[in-house]
Every structure is written in C-alpha cells, then in structure tokens.
Asks: 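Have a look at this one before I ask anything.
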Amino acid sequence: MKAVWYERTGAAPEVLTYGDMPTPDAGPGEVRVRLKASGVNPADVGRRGGSYRAMEYPRVIPNSDGAGIVDQIGEDVTQLRVGQRVWLFNGQRNGRAFGTAAEYIALSEHLVTPLPDSLSYAAGATLGIPGMTAWCCLFCDGPITGKTVLVTGGAGAVGHYAVQLAKWGGAQVIATVSSEAKAEQARLAGADLVINYRNDDVIAKVLAFTGGRGVDRVVDVDFGGNIAITLKLMAMNSTIAVYATNGNRTPLVPMRDLMEKCITLRALVLFALPPPLLAAAQADITKWLTAGNRIHNVAGEFALADTAQAHLAVEKGDKLGTVIVDCAR
C-alpha cells in the first residue's frame with residue numbers, strides 16, 4: 001500500500017516519507033479499513049514535530065482520525081461487516097504505530113463507527129478525536145439539559161463540535177472566539193451568545209447572560225491561559241473540562257478558589273478514557289448525526305503524497321476546521 005511515515009521527529013518536509021509499505025491484515029477483534037480520508041489533528045503534528053515526546057516506535061505512520069470502507073474483518077468481530085462505510089479515531093494511539101496517512105489501516109473494531117450514507121468521507125474524517133473529545137467534555141459528568149455551557153475556542157475543531165452537541169443536548173451555549181470569521185462559525189453551530197475575547201469583556205458578558213449566576217460547564221481549550229478569567233465565570237457546583245492547556249503548560253491550580261465554589265476540574269485525553277465512556281460517545285454521536293443536518297468544517301484537502309503540506313497547514317494555526325488528507329489520491 002501507499003503510505004506516509006517518519007522515522008525521526010522534525011519538520012514535516014524533512015522527516016515525512018511517501019512510499020510503499022506492506023498492507024496490514026486484520027487480526028483478531030480487528031477490522032481493516034480501506035481509507036478514503038485522513039484527518040490531521042494538532043496532536044498528530046506535535047508528535048511528528050517532537051514537541052510531545054520522543055519517538056515511541058522506529059517507524060510511525062501519522063494521523064489518528066479517518067474514514068473509509070471496511071474491506072476485511074478478523075476473528076471475533078461482531079459489530080461491523082465488509083463493505084460498511086465507517087469513521088475511526090485514535091488510529092495512531094494506544095500502542096499503535098501506524099495511523100491513517102495510508103491507503104489501509106487495521107485496528108480494533110471498538111475504534112470504528114458506522115458512517116451515515118449522507119456524510120462524505122472527508123466529513124467523516126473530521127469527527128474522530130474532535131467529536132469524541134467534545135462529547136466527553138460535555139457529557140461525561142451527566143446530562144446538560146437546561147444547563148449553561150461555555151465553550152472556549154468555539155470555532156476550533158473540538159469547540160465547533162462542542163457547540164453543536166451542547167445545543168443538541170439541551171444546553172444554552174456561550175462560545176468565545178478571536179475573530180469575526182470565527183464568531184460567524186460559532187453562530188452557525190448554534191451558540192446562543194458569541195464573545196470575541198480580544199475585544200469584549202468576557203466576564204461582564206457571561207455574567208449578564210446568566211443573570212450573575214455563572215456557567216455550569218466549561219469545555220476548555222486552554223486551561224492555563226484562561227483560568228484567571230474562567231474562575232470568575234463559574235457557578236456553584238460547576239465543572240471545567242480541560243482538553244488542552246497550550247497557553248500555559250504548567251499552570252498553578254488555585255485549589256482554594258475551586259473549593260469555594262465546589263468546582264470539579266476534569267482533565268481528559270481521549271486515548272486514556274475508559275472504553276464504556278468512549279462507546280457511549282460513539283453511540284450518542286451516531287444519534288446526533290442522524291437527527292439532523294450537522295456542520296463538518298473541512299479546512300483544506302491534500303493528496304496522500306502531500307501529507308507534509310497538510311501538516312504545515314495545521315501548524316500555521318489559522319485554519320477553520322480539520323485539514324484532510326485524501327488517501328485515495
């Protein structure tokens with residue numbers, strides 16, 4: 001099969017190689033997917049660049065999300081069948097060296113979910129880690145019906161899905177963004193209040209919107225960078241769900257302030273969450289997808305041979321949505 005890989009970390013054009021590798025076979029409990037699209041996440045770029053950790057394997061096929069068609073099933077597979085359209089997540093995680101920047105991937109069936117016929121493969125490849133992370137941030141502490149949810153970075157890959165899922169879950173949604181273009185994306189996703197944190201008084205607007213009570217849940221893209229403001233927005237017995245903290249990777253945690261309002265601080269990374277929670281997320285996302293039209297933002301598409309350019313597009317930091325690699329060209 002054609003694939004892209006790296007054997008050392010570094011700049012994408014310098015370390016990514018395009019060529020031939022053996023086509024994998026589905027082992028017990030696995031399915032093989034003929035990939036049509038691969039989604040590039042910031043974590044995939046960070047791992048390849050070396051900012052996350054040292055090389056975990058001698059050779060790595062990058063990218064963890066994707067969509068395609070099941071073309072082989074291993075022993076003991078019970079939920080999927082050959083010919084089924086699917087999306088997948090955590091392809092290059094959990095002890096797996098080979099991700100989705102390839103024509104084929106073989107992985108456990110519990111990481112693979114049926115893709116509705118109404119969605120393109122590119123749209124399916126945007127779901128993966130962003131959609132699963134958004135759901136887990138919102139629902140892992142119970143229903144959100146009637147609650148007020150703040151999504152920081154409401155136009156980002158995770159944030160945009162969090163806004164849509166929160167509205168579907170019955171919450172009022174506030175989204176913070178950094179530009180008018182991103183504000184428009186958050187509004188299209190269904191946000192009830194959109195705040196440009198570069199120009200607006202976030203604290204004043206949130207407290208006015210909530211009648212001074214504050215928010216019940218926060219889906220936070222930057223805990224360290226936001227915590228000073230976030231603490232002033234929280235309601236009693238609320239929750240901050242943190243999936244990134246790039247603004248300050250080693251923040252001081254103001255425990256007494258958290259204790260005074262009985263604020264739960266939930267830190268999560270998708271590959272470490274318990275399988276039953278992930279299965280619940282997959283089931284709920286399937287219901288959400290089939291319940292109405294959803295927005296799946298594709299920030300750009302690149303051929304498999306141009307995966308390095310796809311990684312560079314993510315590194316620029318100005319994308320709206322998920323950068324996709326077309327594995328079929």
Asks: State whether a side-chain donor-acceptor pair under 3.5 Å links His311 with Asp44.
Replies: no

Asks: In Å, rounded to the nearest 0.5 Å, how long is the span from CD of Gln185 to CG of Leu320?
Replies: 5.5 Å

Asks: Pair Leu88, Leu35 - check side-chain contact (heavy atoms from CB on, under 4.5 Å), show working.
Replies: CA-CA 10 Å; Leu88 62 95; Leu35 289 158; 4.0 Å; yes

Asks: A side-chain contact here means heavy atoms from C-beta on lying under 4.5 Å apart; do Val15 and Glu7 qualify?
Replies: no

Asks: Kindly work out whether a path of hydrophobic side-chain contacts (I/L/V/M/F/W/Y, heavy atoms less than 4.5 Å apart) joins Val325 to Val323.
Replies: yes

Asks: Between Gln309 (side chain) and Phe302 (backbone), is there a donor-acceptor pair under 3.5 Å?
Replies: no

Asks: What distance separates Leu258 CG from Thr264 OG1, expressed to the nearest 0.5 Å?
Replies: 9.0 Å

Asks: Below 4.5 Å, heavy atoms only, C-beta onward: do Glu184 and Leu188 meet side chain to side chain?
Replies: yes

Asks: Can you tell me how far SG of Cys136 sits from CG of Leu277, rounded to the nearest 0.5 angstrom?
Replies: 4.5 Å

Asks: Please indicate whether Lys261 has more than 12 foreign heavy atoms, meaning atoms of other residues, nucleotides or ligands, lying under 6.0 Å from its NZ.
Replies: yes

Asks: Is a side-chain donor or acceptor of Lys319 paired with a backbone partner of Gly321 at a separation under 3.5 angstrom?
Replies: yes

Asks: Consider side chain to side chain donor-acceptor pair (under 3.5 Å). Of Asp220, Asn248, Thr245, which one does Asn226 pass it with?
Replies: Asp220

Asks: Is the side chain of Gln84 donor-acceptor paired with the backbone N or O of Arg81 at a distance under 3.5 Å, no angle test?
Replies: yes

Asks: What about Phe89 and Ile69, same hydrophobic cluster or not, with Ile/Leu/Val/Met/Phe/Trp/Tyr joined at side-chain heavy-atom distances under 4.5 Å?
Replies: yes

Asks: I'd like a table of donor-acceptor pairs (distance under 3.5 Å, sequence neighbours excluded) in which one partner is a side-chain atom from residues 119-132, with atom names and distances.
Replies:
residue	atom	partner	partner atom	Å
Ser120	OG	Ala123	N	3.0
Tyr121	OH	Arg85	NE	3.3
Thr126	OG1	Ala123	O	2.7
Thr126	OG1	Tyr161	OH	2.6

Asks: Is any side-chain N of the basic residue among Arg32 and Asp71 closer than 4.0 Å to the acidic one's carboxylate O?
Replies: yes

Asks: Mind running side-chain contact (heavy atoms from CB on, under 4.5 Å) on Ile324 and Thr322 for me, showing each step along the way?
Replies: CA-CA 6 Å; Ile324 298 298; Thr322 300; 4.0 Å; yes

Asks: Exactly one of Thr100, Asn41, Asn90 should register a side chain to side chain donor-acceptor pair (under 3.5 Å) with Asp65. Which one does?
Replies: Asn41

Asks: Give a yes or no on whether Tyr197 and Val242 share a hydrophobic cluster (residues Ile, Leu, Val, Met, Phe, Trp, Tyr; joining criterion: side-chain heavy atoms under 4.5 Å apart).
Replies: yes

Asks: By the definition side-chain contact (heavy atoms from CB on, under 4.5 Å), identify the one residue from Val215, Leu150, Leu193 that meets it with Phe209.
Replies: Leu193

Asks: Can you check whether Val202's main-chain N or O pairs, donor with acceptor, with Asp200's side chain at less than 3.5 Å?
Replies: no

Asks: Does Asp216 reach the main-chain N or O of Thr148 with its side chain, forming a donor-acceptor pair under 3.5 Å?
Replies: yes

Asks: Could you report the tightest heavy-atom contact between Gly214 and Thr210, atom names first, then the distance?
Replies: N-OG1, 3.0 Å

Asks: Counting C-beta onward and ignoring hydrogens, is there a side-chain heavy-atom pair between Phe98 and Ile105 closer than 4.5 Å?
Replies: no

Asks: How many angstroms lie between CZ in Arg8 and CE in Met55, if you round to the nearest 0.5 Å?
Replies: 10.0 Å

Asks: Taking side chain as C-beta onward, heavy atoms only, is Tyr6 less than 4.5 Å from Arg59?
Replies: no

Asks: Output side-chain donor-acceptor pairs under 3.5 Å for residues 21-30, partner residues at least two apart or in another chain, one line each.
Replies:
residue	atom	partner	partner atom	Å
Thr23	OG1	Met1	N	3.3
Glu30	OE1	Gly27	N	2.8

Asks: Is Ile295 reachable from Val149 through a run of hydrophobic residues whose side-chain heavy atoms are each under 4.5 Å from the next?
Replies: no

Asks: Thr290 and Pro116: which non-hydrogen atoms are nearest, and at how many Å?
Replies: CG2-CG, 4.4 Å

Asks: Is there side-chain contact between Tyr57 and Gln92, with at least one heavy-atom pair below 4.5 Å?
Replies: yes

Asks: With the side chain counted from C-beta on, respond yes when Ile195 and Val177 share a heavy-atom pair under 4.5 Å apart, and no when they do not.
Replies: no

Asks: Check side chain to side chain donor-acceptor pair (under 3.5 Å) between Ser108 and all other residues, then give those that pass, not counting sequence neighbours.
Replies: His110

Asks: If only atom types and distance count, is the side chain of Arg48 paired as donor or acceptor with the main-chain N or O of Gly10 below 3.5 Å?
Replies: yes

Asks: Can you list the steps and then say if Tyr104 with Val33 is a side-chain contact (heavy atoms from CB on, under 4.5 Å)?
Replies: CA-CA 6 Å; Tyr104 293 88; Val33 177; over 6 Å; no

Asks: Identify the heavy atoms of Cys140 and Arg266 that sit nearest to each other, and give their distance.
Replies: SG-CD, 3.0 Å

Asks: Do Leu304 and Tyr18 touch side chain to side chain, with heavy atoms closer than 4.5 Å?
Replies: yes

Asks: Checking Asp284 side chain against Ala280 main chain: does a donor-acceptor pair fall under 3.5 Å?
Replies: no

Asks: Under 3.5 Å, is there a donor on one side chain and an acceptor on the other for Arg93 and Ser64?
Replies: yes

Asks: For Thr286, is there any backbone N or O sitting under 3.5 Å from a side-chain donor or acceptor partner on Gln282?
Replies: no

Asks: I'd like to know if the side chain of Lys147 reaches the main chain of Arg217, judged simply by a donor and an acceptor atom lying under 3.5 Å from each other, with no hydrogens or angles considered.
Replies: no

Asks: Between Lys36 and Asp326, does a salt bridge (charged side-chain N to carboxylate O under 4.0 Å, His left out) hold up when you go through it step by step?
Replies: CA-CA 6 Å; Lys36 298 291 188 178; Asp326 186 340; over 6 Å; no

Asks: Looking at Thr113, Val112, Leu111, which hits side-chain contact (heavy atoms from CB on, under 4.5 Å) with Trp87?
Replies: Thr113

Asks: Output the distance between atom CG (Leu233) and atom NZ (Lys205), rounded to the nearest 0.5 Å.
Replies: 13.5 Å

Asks: Indicate yes or no: at least one non-hydrogen side-chain atom of Asp20 is less than 4.5 angstrom from one of Lys2.
Replies: yes

Asks: Indicate the atoms forming the closest heavy-atom contact of Leu268 with Cys137, along with that distance.
Replies: CD2-SG, 3.9 Å

Asks: How many angstroms lie between CZ in Phe139 and CG in Asp141, if you round to the nearest 0.5 Å?
Replies: 11.5 Å

Asks: Taking Ser238 for its side chain and Ile263 for its backbone only, find out whether a donor-acceptor pair lies under 3.5 Å.
Replies: no

Asks: May I have the step-by-step check of side-chain contact (heavy atoms from CB on, under 4.5 Å) for Met236 and Arg213, ending in yes or no?
Replies: CA-CA 8 Å; Met236 297 292 291; Arg213 179 178 174 275; over 6 Å; no

Asks: Please name the pair of heavy atoms, one in Gly247 and one in Asp222, separated by the smallest distance, quoted to 0.1 Å.
Replies: N-OD1, 2.9 Å

Asks: To check you understand the geometry: which heavy-atom pair defines the closest contact between Arg249 and Asn246, and what is its length?
Replies: NH2-OD1, 3.3 Å

Asks: Verify the cluster assignment for Val298 and Leu289: are they in a single hydrophobic cluster under the rule of side-chain heavy atoms below 4.5 Å apart?
Replies: no

